[in-house]
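Everything on this sheet refers to the single structure shown next.
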Amino acid sequence: MLSVLNISAQKIIKSLNDGWSFRYPDDTKWTSVNLPHTYNEDAYRTKDYYKGKGEYFLNLKMPDIDKSRRYFIKFDAVNKSALLCVNDSVAIDHAGGYSAFCQDITPYIKNDDNKIFVTVDNSRRDVPPLSADFTFWGGIYRDVWLISTPLQHFDLCDNASSGIYVTPLNVSENSAGLKVKSRIKNDDKISTDVRLVMTLNDKSGKEVSSKTKNIKLEPNRIAVIETDLPEIQNPNLWSPENPYLYSLTAKIIDSKSGKTIDSSTIPAGFRWFSFDGDKGFKLNGRHYKLRGINRHQDLSPVGVSLDDEAHRRDIRLLKDLGCNFVRLAHYQQDDAILDECDRLGLIVWEEIPVVNMVPDENGFDDVCETNLVEMIRQHYNHPSVMIWGYMNEILLRAPSDKSNEWDAAKTRITNLANRLEKKLKEEDPNRASVMAFHGTNRYNTVGLDITDVQGWNLYQGWYGGDLSGFERYLENQHSRYPHRSLIVSEWGAGSDRRLHSNLPEPFDFSIEYQQKYIEHYLPYIEQNDYISGGAYWNFIDFNVAERQESMPRVNNKGLFYNNRKPKDVAYYFKSMWRDDIPVVHLAVNDRESVVCDDDSLTAIKIYSNCPDVELYVNGISHGVKPTVNCHAIFNVNLPEGQSKLLAKGNMRDVTETDVATVNRSKLPDLSAGETFAINVGSNCDFTSEINGQTWLTDRPYESGKWGYLNGKKRSTTSEIFNTLDGPLYQTMMEDITDYRIDAPVGRYEVELLFTDINQSGNNSPYLLGHDSNSGKTGDIIRMSIEICDKIVDPDFSPSELSGFQHAVRKKYIVENTTGSIHIHLIPLTGKTTLSALTARKL
Ligand code: GCB
Ligand code: CA
C-alpha cells in the first residue's frame with residue numbers, strides 16, 4: 001500500500017500484484033501466484049524450512065509506452081533480498097527484507113511484452129537478522145506497484161520515499177510551523193521552469209497555510225528545495241484521543257502553461273513529546289503512559305503475505321483494547337499499518353531487524369545502515385512515529401566476557417550501534433532513538449547506553465526467577481541510572497488453551513498462568529511514573545519455525561490467537577486501559593470444558609473496569625463483588641452440563657453485560673464405561689483438540705481416588721513428534737514405580753503414554769535454563785510394565801520403538817480383580833517414566 005495519496009491525474013499508480021509465476025530454482029515448472037506471496041508455507045510444518053532462492057516472473061504488457069514519461073516499479077517488501085531484472089538487464093539488487101525499494105525502469109522497457117524477473121533470497125548472510133525468534137518468510141510478500149510520471153516529478157527513488165519530507169516545527173498549543181523538503185527530479189534533456197506550490201489543508205479541506213517557490217529545474221538533475229510554511233495558529237494537535245490529521249499537498253506546476261505536472265498529498269500531524277527519567281513520557285505537554293503491545297505481522301495460513309485490510313484490522317484491534325502505543329517489532333512494517341496508526345492515534349516505535357547478534361559478515365553493517373535510512377525516509381512523514389529503534393537483545397548471542405571472541409564481538413556491536421545512532425540522528429533529529437535490552441546488566445557495561453530511551457525486555461517469572469523479580473529489576477536499574485528513560489519494551493508469558501490449572505506455575509503454558517503473570521506486571525507499569533510505558537509481547541501467537549514448547553512452531557505469548565480472536569486476558573488490558581466505556585468480560589472463552597467432582601467449586605473470573613460486578617448462573621444471582629485489579633472471581637458450584645453465565649457491571653450509569661456458556665462435566669464414571677484420563681506429572685488439565693478428551697491434573701494417590709505413589713515430576717519444552725497432543729507427553733513422572741486408580745473390578749483397557757527425552761534437547765536460546773531437559777542426556781529408558789499384577793511388557797523401551805522425543809501410546813487389556821488398577825513400572829535401564837494414562841471399563 002502506498003502511504004501517499006496521489007491525486008494528480010499526471011501520475012499513474014497501479015498495483016502489479018497479479019499474473020506472476022513462481023518457482024524454486026531447481027523447478028522446471030512455474031506455478032501461477034498472486035502477490036503478496038511467500039514461498040515458506042513449510043515454516044508451519046518444520047523447523048528446517050526452506051532458506052534459499054525463489055524466482056518470480058511477470059510478463060508485463062506495456063502497449064503504449066510514452067516517451068515523455070518515466071516508469072517506476074516499486075516493491076513494498078521482499079524478504080530478504082531481491083535481484084530485479086527487466087528484459088534481461090539487472091535493474092537493482094536490493095538487500096533488506098522489510099523496507100520498500102523503487103527502481104526507474106524506463107531505460108529497460110519496450111513496447112508490449114516486458115520480462116520482469118525477480119530472484120528472491122531469504123538466506124542472505126549479509127542481511128539482518130541472522131538469528132531471531134521469528135520465521136524469515138521468503139517471498140514478495142507486500143504489494144508491488146507500477147508508477148508512471150511526467151519527466152518532471154517528485155523523486156521516487158530516494159530510498160523509495162515519496163520525495164517529500166514534512167517536519168513539524170516549534171509546535172505548541174498556540175502555533176505550529178512546517179518545514180517541507182522536496183526532491184524534484186527533471187528527467188528531461190532541457191531545463192524547465194516550474195512553481196512548487198505547497199498547501200496545508202485542515203481536515204475539512206480548508207487551506208490553513210501555503211507557500212510557492214519558483215524553481216528552474218536543470219536537465220537530468222534533482223533539485224532539493226527546503227522551505228518553511230507560514231506558521232498556523234491554534235493547531236489542532238495530534239494525540240491518541242484526537243488523531244487530527246492535516247494534509248499537505250505539494251504540486252509541481254509548469255510556469256509557462258500553468259498546468260500541474262506532478263502532485264502529492266501527505267498527511268501531517270502536529271504534536272511534540274518528551275521523555276524524562278523520573279516522569280516518563282509526555283505528549284503535547286501532558287503525561288501519558290505508553291500503553292502498548294508489540295506487533296508481529298504473521299497470519300496463518302498466509303505467513304506474512306497479508307493484504308492491507310488484514311494489516312489495518314490489527315491496528316483497529318489494538319485501538320479497541322485501549323492501546324495508545326505500538327512497538328512494530330522487530331522490523332519495518334507495511335505502510336498500511338503506519339497509515340492506520342496515524343488515523344486512529346497509536347504512537348509508534350518502529351525498528352530495523354538487528355536482532356540477537358552482529359555477525360562477522362562482510363557488508364552486514366552497510367545493509368543495516370541502509371535499512372535504517374530506508375525506514376526513516378519511507379515513514380518519516382507519519383506523525384504517529386515518535387521512536388526509531390535499531391537493535392534488539394543484541395547481546396543475546398554474544399560470546400561470554402571470558403571467551404577469545406568477545407573483544408571482537410564487542411567492537412562489532414558497539415561500532416555498529418554508534419554508527420546507527422549517528423545515522424539516525426542525522427536523518428531525523430526530531431524522534432527518540434531506542435534499543436531493546438534483555439534482562440542482563442551486561443548492557444550497562446559495554447557502551448550501549450547511547451540511545452535517548454532504553455527498552456528492557458523482561459520475562460521474570462517466565463523464563464526464570466519469580467514475578468516480583470520484575471519490579472526489583474526495574475527499580476534497581478532506575479536507582480543506578482536515574483537519568484535514563486525506561487520502557488518495558490517486552491514482557492509476556494505463553495499460553496495454550498488446551499492447558500488449565502487451579503495452581504498455575506511458570507512455564508506450564510496454562511491460560512491461568514499467563515493471566516497471573518499479566519495481572520502482576522501491568523499494574524506495576526501503570527503505577528510507576530519512572531516507567532514511560534510498556535509493550536506486551538506479543539499481540540498474537542506467531543509463527544517461529546524453530547520454536548518448540550507446547551505448540552511447536554508457535555510463540556504462544558499472544559493476547560490474541562493467530563486468527564485474531566482475543567484470549568480472555570485481552571479483556572484485562574481493555575479493562576485496565578479503557579475508561580470511556582464499561583468493560584465486562586466473562587473469562588471463560590479460553591476453556592472448552594471444566595471437569596471436576598461434585599463438590600468442587602469452579603473459579604469464574606470476570607474482567608471489568610467497573611467498580612463491582614454481579615454474576616448470574618442460569619438466571620440466579622451469585623451476588624455482587626468488588627473488582628480488584630480489574631477482576632473479580634466467583635467460586636461457583638456449577639451444575640453438570642451447560643450453564644448460562646451472565647455478568648453485569650455498571651459505570652457512570654451505563655450498564656454492560658456479557659454472556660457465555662460453560663460446560664461442566666463430572667469426573668468420568670468408570671462403572672458406566674466412561675474414559676478416565678490423567679495428565680501424569682502435570683499441574684494442568686489438558687483437553688485434546690483432536691477428540692475433546694480432558695486429561696486430569698495429576699495428584700498423589702489417595703485411597704478411593706487415583707494418583708502416583710512415588711516418582712518425580714519432570715517436564716520438557718522439546719517438541720514431541722508423532723502426536724498433536726504434545727503437552728501430555730511434555731510433562732511426566734520420572735523414577736516412578738507405582739500408580740493407582742481405584743476402580744470397580746472388571747476388565748479394563750488401560751492406555752499408557754510415554755516418551756523418552758533423554759537424548760533430545762531444545763536448543764532455542766530463549767529456553768536455556770527453563771527446560772529441565774536442555775542439553776541433558778541420560779540412559780535409554782527401558783522398563784518392565786506390570787498392570788494388575790501381570791507383566792504385560794517385560795522389556796519396553798519407548799525410544800527403541802519410535803525414537804527419542806517421539807510419542808508412544810500403548811493399550812493393554814487387563815483384569816482388575818482387587819478394586820484398584822495398579823500400574824507397576826520396573827526399571828531395566830535409565831529411569832522409568834510415565835506421561836499420561838487412560839482407563840476404561842470394557
Ligand atoms: C525476546 C525477543 C523476542 C522473542 C521473545 C520471546 O526477548 O526480543 O523476539 O520472541 O523474547 O518470546 O522469547
Ligand atoms: Ca503428562
Side-chain angles (χ1 to χ4, degrees), residues 129 131-135 294-296 298 327-331 351 353-357 389 391-397 435-440 455-460 462-464 488-495 498-499 501 507-509 514 517 535-551 554-558 677-686 688 695-699 708 711 713-717 720 723 725-734 736 739 752-755 757 762 764-770 807 809 833-838:
S131 153
D133 189 36
F134 55 94
T135 299
N294 285 277
R295 191 243 178 193
H296 256 306
D298 79 81
R327 175 176 173 220
L328 302 179
H330 293 303
Y331 38 76
E351 65 191 26
V354 188
V355 182
N356 290 4
M357 65 188 305
M391 276 183 177
N392 180 72
E393 304 197 346
I394 206 64
L395 298 177
L396 191 74
R397 291 291 195 98
M435 244 187 255
F437 301 158
H438 74 285
T440 153
W456 284 104
N457 299 346
L458 299 176
Y459 291 90
Q460 285 84 356
W462 183 250
Y463 290 127
V488 187
S489 36
E490 288 179 29
W491 57 285
S495 74
R498 299 171 297 175
L499 290 162
S501 182
F507 234 63
D508 64 10
F509 296 96
Q514 187 190 36
Y517 174 101
Y536 180 77
W537 188 266
N538 192 281
F539 166 48
I540 43 160
D541 286 359
F542 61 95
N543 179 281
V544 187
E546 283 109 350
R547 199 170 256 271
Q548 303 192 36
E549 304 182 332
S550 83
M551 292 154 66
V554 177
N555 182 321
N556 57 17
K557 297 188 185 70
I678 304 159
N679 182 7
V680 176
S682 175
N683 63 317
C684 296
D685 282 6
F686 172 84
S688 167
W695 303 65
L696 301 172
T697 300
D698 203 7
R699 53 191 290 162
Y708 49 85
K713 283 189 178 173
R714 184 174 177 187
S715 66
T716 180
T717 49
I720 307 301
T723 179
D725 292 334
L728 273 184
Y729 298 86
Q730 288 173 325
T731 52
M732 65 207 81
M733 289 303 280
E734 195 174 67
I736 178 174
Y739 203 101
L752 305 183
L753 280 65
F754 310 94
T755 188
I757 55 164
N762 189 330
S764 165
Y766 297 98
L767 301 174
L768 295 178
H770 319 295
R809 225 174 145 146
T833 186
L834 183 61
S835 283
L837 63 83
T838 68

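All ligand and atom numbering here is 1-based and tracks the order in the structure. Computed from a predicted structure; not experimentally measured. This chain uses plain numbering: 1 for the first residue, then up along the sequence.
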Exercise for the section: Would you kindly say whether Ser501 and Asp508 are connected by a side-chain donor-acceptor distance under 3.5 Å? Expected result: no

Under 4.0 Å between heavy atoms, the region of Asn538 that gets near ligand 1 turns out to be neither

Sorted by chain and residue number, the salt bridge (Lys or Arg N to Asp or Glu O under 4.0 Å) partners of Asp541 (sequence neighbours excluded) come out as Lys567

Logged contact type for Phe542 with ligand 1, heavy-atom cut-off 4.0 Å, is side chain

If you compare Arg547, Lys557, Glu490 by their heavy atoms, the one closest to atom 2 (C) of ligand 1 turns out to be Glu490

(message) If we count only N and O atoms by modelled type, under 3.5 Å, do the side chains of Ser495 and Asn556 hold a donor and an acceptor together?
(response) no

Note, the Ca ion (ligand 2) has protein N, O or S atoms under 3.0 Å numbering 6

Residue set satisfying side chain to side chain donor-acceptor pair (under 3.5 Å) with Arg295, at least two apart, ordered chain then number -> His311, Asp314, Gln333

- Do Asp133 and Asn555 have side-chain atoms, one donor and one acceptor, less than 3.5 Å apart? yes

Ligand 1 to Asn555, heavy atom cutoff 4.0 Å, flagged ligand atoms 6 (C), 10 (O), 12 (O)

Is there side-chain contact between Trp491 and Tyr517, with at least one heavy-atom pair below 4.5 Å?
yes

Under 4.0 Å from one or more heavy atoms of Glu393, ligand 1 contributes atoms 1 (C), 2 (C), 7 (O), 8 (O)

Counting heavy atoms under 4.0 Å, the part of Phe134 that contacts ligand 1 is neither

On a heavy-atom basis, the closest approach of His296 and His330 is CE1-N, 4.4 Å

Logged contact type for Val355 with ligand 1, heavy-atom cut-off 4.0 Å, is neither

Residues at least two apart in sequence or cross-chain that pass side chain to side chain donor-acceptor pair (under 3.5 Å) with Glu490, listed by chain then number, are Arg327, Asn457, Tyr459

Taking the side chain as everything from C-beta on, heavy atoms only, tell me whether Ile757 gets closer than 4.5 Å to Ile720.
yes

